[in-house]
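One is the number of the first residue; the rest follow in order along the sequence. Given the structure is predicted, the values throughout are model-derived calculations rather than measurements. Side chains included, hydrogens not; waters and symmetry mates left out as well; all remaining heavy atoms used.
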Amino acid sequence: MTIRRPSVSFYSIALATLLIAISLVTLALTSQTVGRQLFKYNLESFEHQRSENYLHSIQSTSILLDNLQYHLSYTCDKEDISELERASYYSSHIRSISLETKSGKVCGDHSNLSQLYGSPTKKIPLNREVVIIANADNNESIVQYRKQVVGGVITVDIAKQPTNALLSNACDQCWLQVIENDGISLYTGGINKTSKLPSSTTASNHDLKAIVKPILSIPLHNKAWIRYYVTPKVIADYRAHIKPFLLLILSGLIFIVLVMLYRRYHSTSIIKFLILNAIKQNHLVPYYQPIIDAEKRIICGYEALIRWETKKGKVILPDEFIPQCETNGVITPLTFQLINTVARDIRKLEMQHGKTLPYYFSINISASVLQDPELIDITRSALAHYHIAPHNLAFELTERAPIDNIEQAEQNCIKLNAMGIQIKLDDVGNGYCDFLALQKLQATTIKIDKVFIDDIDSLAASSIVKSLVAFAEKAEVEVIAEGVETEQQAKILTELGIRYHQGFLYSKPIPFSKLASSKNFNV
């Protein structure tokens, strides 16, 4: 019987993801380093948004000026000033606007533009049209846009974007923004008060870096940089501000994990109850699939494959419930019941035909069952109760899990062999059992996994099968190929020296009632 080993489930991935998220949130709550990194990440995000807003304002202003230039006479008369004031009034992007004509006249919506900027003027050019300029106190950086028009140059101070949201409520003395390029530094922050950071008037940008490292440095166009300096108090205030939100998130994540664990436990308990109930009501029954001697074209044995027959007549395949049986610890009572059921069916067939059957009936047992000392007593009791010969039973060790106690399993196999019951290894080549286990468990047969039979015409699969056959010959054990579905597969397997086949090509698993009445069942 080929059992698909389960892959990592969505539940496991989701649970692992949630636990990682809980760990990260806990770190954010408890670690100053993580809190500082969160502040830096948020500060950078807000600053990028501010830059995008400035860019949008420049683009909108450029469109406005394209239209405005054709309404000016470029004489700086009252009409020109009125047009400039009107544009400044109706555009939210314009902070101040001025016109410099080709003749040298200057006018705008402010009577004295020179008072807005420092002297000497500090400018950081970003490109031919956009510069960043310091105001008169050098405590604010103004984005200035200059556009060449038909009669001169229009200069616009772009409306100031709000202070970075993380710093809007911070004390003025606790943070500083520096924009620098080619030795020019423009400052923003609480530099007019007794600052906890060095003032632009008393310390150069080089001095700042020597005293404290900037928490954030963002490159601007044309090699300019924006740097932010903050005091520990800003970080502490930020952590205190986000703490309630982090606690809320942490509580939500923990709640989700607890719900998931409860539902899994509850689901596992229900499944265990249903399986135990199915065992009591004999709803877990064996279906039998013949094992064929392909050379003689006769049946030489059967494999008992468990099925769950519900009250509504639905048949559930073992892939859907056997892993749950192993997880919930009910695989042992299920296997013990199966041994008795198969023994009973053998006895019925013998009574029907009036003689001992020459066939063996293989029963799949997991590693945990093989290590259970009670297996010997259950098997011996079934043989005695139904008066059947030991050669009629065989055990196939499935490879869904490794053998933890190989010594106990070896002792059980010695006793089973002494009783006359064969041990077979199922799904060889695609499971946990190795060739050491073959020796220790005194197996007489190996079954090649279906995955190799499916691709038997490929070089890789064929080479593996040849290697298994060569090993089997040296170990003097039989080989059974399971999952044979086509005549071509059967032909190749026979040519490779594998005479015993099992698969849909010969028969699907059938219930005992059909087995007893089958014309292919010959004694």
Side-chain angles (χ1 to χ4, degrees), residues 46-165 168 177 179-182 184-188 218-226:
F46 285 130
E47 195 60 33
H48 280 306
Q49 184 60 50
R50 275 164 44 88
S51 299
E52 289 293 326
N53 291 341
Y54 273 121
L55 179 60
H56 173 69
S57 297
I58 291 171
Q59 291 171 343
S60 299
T61 302
S62 179
I63 295 172
L64 175 66
L65 298 186
D66 286 339
N67 181 61
L68 176 63
Q69 64 179 324
Y70 299 109
H71 294 79
L72 299 173
S73 63
Y74 300 99
T75 59
C76 273
D77 57 8
K78 290 183 178 180
E79 291 185 2
D80 281 353
I81 295 175
S82 178
E83 287 291 342
L84 294 174
E85 290 177 343
R86 185 180 295 109
S88 177
Y89 180 80
Y90 286 107
S91 174
S92 61
H93 303 296
I94 297 177
R95 184 176 186 176
S96 66
I97 185 170
S98 63
L99 167 66
E100 183 179 355
T101 67
K102 291 181 179 180
S103 62
K105 292 183 178 181
V106 178
C107 56
D109 62 343
H110 284 71
S111 59
N112 192 349
L113 292 172
S114 61
Q115 293 180 356
L116 298 177
Y117 315 119
S119 181
T121 304
K122 289 186 176 182
K123 292 184 179 180
I124 295 179
L126 299 184
N127 56 38
R128 294 178 60 184
E129 296 181 328
V130 180
V131 299
I132 300 178
I133 183 170
N135 69 346
D137 295 326
N138 192 25
N139 64 357
E140 181 184 336
S141 301
I142 301 171
V143 176
Q144 193 175 83
Y145 173 59
R146 293 170 57 86
K147 186 175 182 65
Q148 192 79 33
V149 292
V150 292
V153 176
I154 298 179
T155 301
V156 175
D157 290 347
I158 299 298
K160 180 182 178 182
Q161 291 294 322
T163 300
N164 194 302
S168 58
Q177 180 200 70
I179 303 176
E180 61 178 26
N181 186 33
D182 293 334
I184 299 176
S185 298
L186 309 182
Y187 295 86
T188 300
I218 303 176
L220 287 176
H221 183 73
N222 198 24
K223 299 182 181 180
W225 287 83
I226 296 180

Rounded to the nearest 0.5 Å, the CD1 atom of I158 sits from the CD atom of Q144 at a distance of 9.5 Å

In the structure I gave you, are the side-chain heavy atoms of T61 and I97 within less than 4.5 Å of one another anywhere? no

Heavy-atom nearest pair, T101 first then C76, reads CG2-SG, 4.1 Å

Heavy-atom side-chain proximity of D182 to I124 below 4.5 angstrom
no

Tightest non-hydrogen contact, residues I94 and A87, listed as CD1-O, 3.8 Å

Output for pair (Y187 OH, N135 CG), nearest 0.5 Å, gives 14.0 Å

Rounded to the nearest 0.5 angstrom, the CG-CG distance for L84 and L99 is 5.5 Å

One should read off an interatomic distance between D77 CG and S82 OG, to the nearest 0.5 angstrom, of 9.5 Å

Closest non-hydrogen atoms of A159 and S92, given as atom of the first, atom of the second and distance, are CB-O, 3.4 Å

When rounded to the nearest 0.5 Å, the distance separating CD1 of I142 from CG of L186 is 10.0 Å

With S96 as partner, the option from D109, T155, D157 fulfilling side-chain hydrogen bond (donor to acceptor under 3.5 Å, both in side chains) is D157

Is a side-chain donor or acceptor of K160 paired with a backbone partner of V143 at a separation under 3.5 angstrom?
-> no

Note: R50 and P162 closest approach over all heavy atoms is NH1-O, 2.5 Å

Validation row: Y54, V130 side chains within 4.5 angstrom (heavy atoms):
no

### Task
Compare all side-chain heavy atoms of Q161 with those of S57 and state whether any distance is below 4.5 angstrom.
yes

Check your understanding: With a 4.5 Å limit on heavy-atom distance, are the side chains of K147 and V156 in contact?
Key -> no

With a 3.5 Å distance limit and no angle check, can you tell me whether Q69 reaches the backbone of D66 through a side-chain donor-acceptor pair?
yes

**OP:** Check the surroundings of atom CD in E85: do more than 12 heavy atoms from other residues, nucleotides or ligands lie under 6.0 Å from it?
**Re:** yes

Residue pairs meeting ring-ring contact (aromatic ring centres under 6.0 Å, His included), one or both in residues 59-96, sequence neighbours left out, come to H56-H93

Here the gap from L220 atom CG to N181 atom CG, rounded to the nearest 0.5 Å, amounts to 9.0 Å

